[in-house]
Amino acid sequence: MIKQLTNLAVVISLFVGASSAIAQEYQTITEGLDNPWAMEFLPNEDILITERTGQLRIVRDGKLLDAPVQNVPDSYYAGQGGLLDIKLDVNFADNQRLYLSFAHGKRSANSARLVSAKLVASDGDYLLEDIKTLFSSQPEKRTAHHYGARIEQLADSTLVMTVGDGFNYREQAQTLDNHFGKIIRINTDGTIPEDNPFVETKDALPEIYSLGHRNQQGLAIIDNQLFEHEHGPRGGDEVNRITPGLNYGWPIATFGIDYNGARISPFTSYEGTESPLIDWTPSIAPSAMTEKNGFLYVTSLAEGSIRKLEVTPSEVKDLGIVYPELSMRLRDIAVGLDNRLYVLTDGSSGKLIRIVD
């Protein structure tokens with residue numbers, strides 16, 4: 001009997017120890033976020049978080065401030081639209097400028113918009129000044145889905161932003177006279193870089209950097225190379241290495257299955273289009289991506305996971321799910337000033353969580 005009790009005590013001790021270790025891996029920084037979408041870390045350690053409902057929130061010393069950033073442009077909040085990505089300018093310490101993407105317009109006519117603004121401190125709060133519209137996708141659409149809208153800044157300081165296919169406009173991802181299913185590249189003042197791949201192409205929109213995408217919500221840079229991921233429908237999620245001017249296939253070449261069960265295309269590869277480095281079928285619904293120590297980390301909505309990707313000159317390898325105990329719909333992932341990973345959970349009761357391993 002004594003031996004049995006001793007063995008039981010050992011089991012309980014091991015269980016409690018394992019539970020404590022799990023609990024220590026993650027720290028909830030704040031709760032009460034309304035459909036958070038993206039985050040950025042200010043040099044003073046404040047954290048800015050976009051909410052699709054239109055607010056730009058401030059987390060300071062682990063607390064979500066009641067007052068949001070003031071003078072944020074109005075956004076179209078419906079479906080997958082609203083206030084979306086945020087990116088600090090590479091020279092933010094000197095110019096205090098940041099970039100916001102959001103759905104703009106109304107139900108019958110809306111688009112993905114990119115603006116720049118100056119972040120100004122005022123009595124402990126913040127407001128935006130000198131707001132400039134840099135880009136609005138064309139033509140406007142009648143759906144509130146597939147905006148893309150992820151922002152990144154390249155080594156030459158130019159901006160790239162993803163523009164989704166608008167859900168009902170997927171065939172237009174293959175033509176250069178619109179922004180559906182494209183990645184665009186512009187200068188920080190909204191002008192067009194002279195070395196964009198289609199500036200000399202007749203009837204092509206000069207902002208276009210690459211084409212043939214679906215709904216691209218992940219961008220990250222490793223060794224000056226731009227990587228992107230995008231949602232498929234029921235399968236066909238992709239990770240791509242982006243080269244200017246190339247066609248990434250959607251909807252001609254895809255592993256994707258439509259929501260009615262039919263294949264999107266008979267082709268999983270097609271001449272003149274790039275095949276994905278990684279395909280996830282069934283769909284994991286990738287939502288964001290960041291780089292840390294030479295690896296890519298991808299969050300997902302449907303799978304509720306973080307996946308770690310190894311990047312080599314010739315391939316990208318999916319190393320599988322990391323931090324499996326953190327199993328929930330994850331909207332964004334970023335590296336904080338402390339070099340730790342932070343994630344935002346999805347939905348009307350969103351959380352900011354730090355991974356403390």
Side-chain angles (χ1 to χ4, degrees), residues 17-33 35-51 56-65 84-90 92-93 98-99 119 126 150-153 217-223 225-227 229 239 284 286-301 303-311 316-347 349-357:
S19 299
S20 298
I22 290 171
Q24 291 173 0
E25 287 184 4
Y26 317 110
Q27 178 185 4
T28 298
I29 304 300
T30 194
E31 301 179 86
L33 294 161
N35 288 280
W37 208 88
M39 62 185 132
E40 269 285 28
F41 299 83
L42 297 180
N44 67 358
E45 299 186 354
D46 285 355
I47 305 171
L48 299 181
I49 299 176
T50 63
E51 294 177 328
L56 180 54
R57 306 300 300 275
I58 306 161
V59 176
R60 179 175 297 153
D61 298 327
K63 296 181 180 179
L64 180 65
L65 302 189
L84 300 172
D85 206 8
I86 180 171
K87 185 75 178 178
L88 300 187
D89 186 80
V90 66
F92 178 84
L98 55 76
Y99 306 98
L119 183 70
Y126 294 108
R150 191 64 73 179
I151 310 165
E152 193 50 89
Q153 193 165 22
Q217 293 184 355
L219 286 178
I221 296 173
I222 293 183
D223 295 330
Q225 293 184 320
L226 182 65
F227 291 86
H229 71 56
V239 175
I284 69 169
S287 55
M289 179 163 60
T290 195
E291 181 274 337
K292 181 183 177 185
N293 300 332
F295 293 90
L296 295 173
Y297 291 83
V298 174
T299 49
S300 68
L301 297 165
E303 188 177 64
S305 66
I306 302 173
R307 286 179 173 262
K308 184 178 182 179
L309 310 183
E310 180 182 19
V311 178
V316 175
K317 183 179 180 181
D318 184 358
L319 301 181
I321 295 173
V322 291
Y323 314 113
E325 295 84 7
L326 193 64
S327 180
M328 59 188 75
R329 287 177 63 87
L330 300 175
R331 171 51 68 185
D332 194 27
I333 186 167
V335 179
L337 300 180
D338 56 3
N339 201 39
R340 289 171 171 162
L341 291 171
Y342 289 70
V343 293
L344 290 172
T345 66
D346 189 48
S349 300
K351 300 178 183 180
L352 172 64
I353 297 173
R354 177 171 59 188
I355 300 174
V356 295
D357 65 337

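The residues of the chain are indexed from 1 along the displayed sequence. Only heavy atoms go into these numbers, but all of them, side chains included; no hydrogens, no water, no symmetry mates.
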> Do you know which two heavy atoms are closest between L319 and F295, and how far apart they sit?
Replying inline: CD1-CE2, 4.0 Å
> Short question: side chain of D85, backbone of I151 - any donor-acceptor pair under 3.5 Å?
Replying inline: yes
> Yes or no on side chain to side chain contact (heavy atoms under 4.5 Å, CB included) for L48 and L119, after CA distance, side-chain angles and deciding distance?
Replying inline: CA-CA 11 Å; L48 299 181; L119 183 70; 4.0 Å; yes
> Heavy atoms, side chains only, cut-off 4.5 Å: are L301 and R329 in contact?
Replying inline: yes
> In chain order, what residues pass the salt bridge (charged side-chain N to carboxylate O under 4.0 Å, His left out) check against R307, with sequence neighbours excluded?
Replying inline: E303, D318
>> Let me confirm one number: the CG-CZ distance from L42 to F92, rounded to the nearest 0.5 Å.
In response: 5.0 Å
> Can any side-chain N or O of R150 pair as donor or acceptor with the backbone N or O of S287 at less than 3.5 Å?
Replying inline: yes
> What are the two closest heavy atoms between Y26 and P324, and how far apart are they?
Replying inline: OH-N, 4.3 Å
>> Please check: side-chain N/O of R57 versus main-chain N/O of L65, any donor-acceptor pairing under 3.5 Å?
In response: yes
> Can you tell me how far CG of L330 sits from CG of D346, rounded to the nearest 0.5 angstrom?
Replying inline: 8.5 Å
> Which value, rounded to the nearest 0.5 Å, describes the distance between M289 atom CE and F227 atom CZ?
Replying inline: 8.0 Å
>> The test is side chain to side chain contact (heavy atoms under 4.5 Å, CB included); show your working for Q153 and D89 and say whether it passes.
In response: CA-CA 8 Å; Q153 193 165 22; D89 186 80; 3.2 Å; yes
>> Assess the residue pair M328 and I353 against the criterion (side chain to side chain contact (heavy atoms under 4.5 Å, CB included)); give the C-alpha distance rounded to whole Å, side-chain angles, the decisive distance to 0.1 Å, and a yes or no.
In response: CA-CA 12 Å; M328 59 188 75; I353 297 173; 4.2 Å; yes
> Looking only at heavy atoms, what is the nearest atom pair of G294 and I222, with distance?
Replying inline: O-CD1, 3.6 Å
>> Measuring from atom CZ of R331 to atom CH2 of W37, what distance do you get when rounded to the nearest 0.5 angstrom?
In response: 6.5 Å
> When rounded to the nearest 0.5 angstrom, what distance separates CD1 in I333 from CD1 in I306?
Replying inline: 4.5 Å
> Under the salt bridge (charged side-chain N to carboxylate O under 4.0 Å, His left out) rule, what pairs show up with a residue in residues 40-50, not counting sequence neighbours?
Replying inline: D46-R60
>> Could you check whether any side-chain N or O of S305 sits under 3.5 Å from a backbone N or O of S300, counting only pairs where one atom can act as donor and the other as acceptor?
In response: no
>> Could you go through H229 and V239, starting from their C-alpha distance and side-chain angles, then the distance that decides it, and tell me whether this counts as side chain to side chain contact (heavy atoms under 4.5 Å, CB included)?
In response: CA-CA 4 Å; H229 71 56; V239 175; 4.0 Å; yes
> Tell me, do I221 and E291 make a side-chain contact under 4.5 Å, heavy atoms counted?
Replying inline: no
>> I need the T30 OG1 to L64 CG distance, nearest 0.5 Å.
In response: 4.5 Å
> What are the two closest heavy atoms between V298 and P286, and how far apart are they?
Replying inline: CG1-CB, 3.9 Å
>> How about CG on N44, more than 12 heavy atoms from neighbouring residues, nucleotides or ligands closer than 6.0 Å, or not?
In response: yes
> Do T290 side-chain atoms and Y297 backbone N/O form a donor-acceptor pair below 3.5 Å?
Replying inline: no
>> So which atom in D332 and which in M39 form the shortest heavy-atom distance, rounded to 0.1 Å?
In response: OD2-N, 3.1 Å
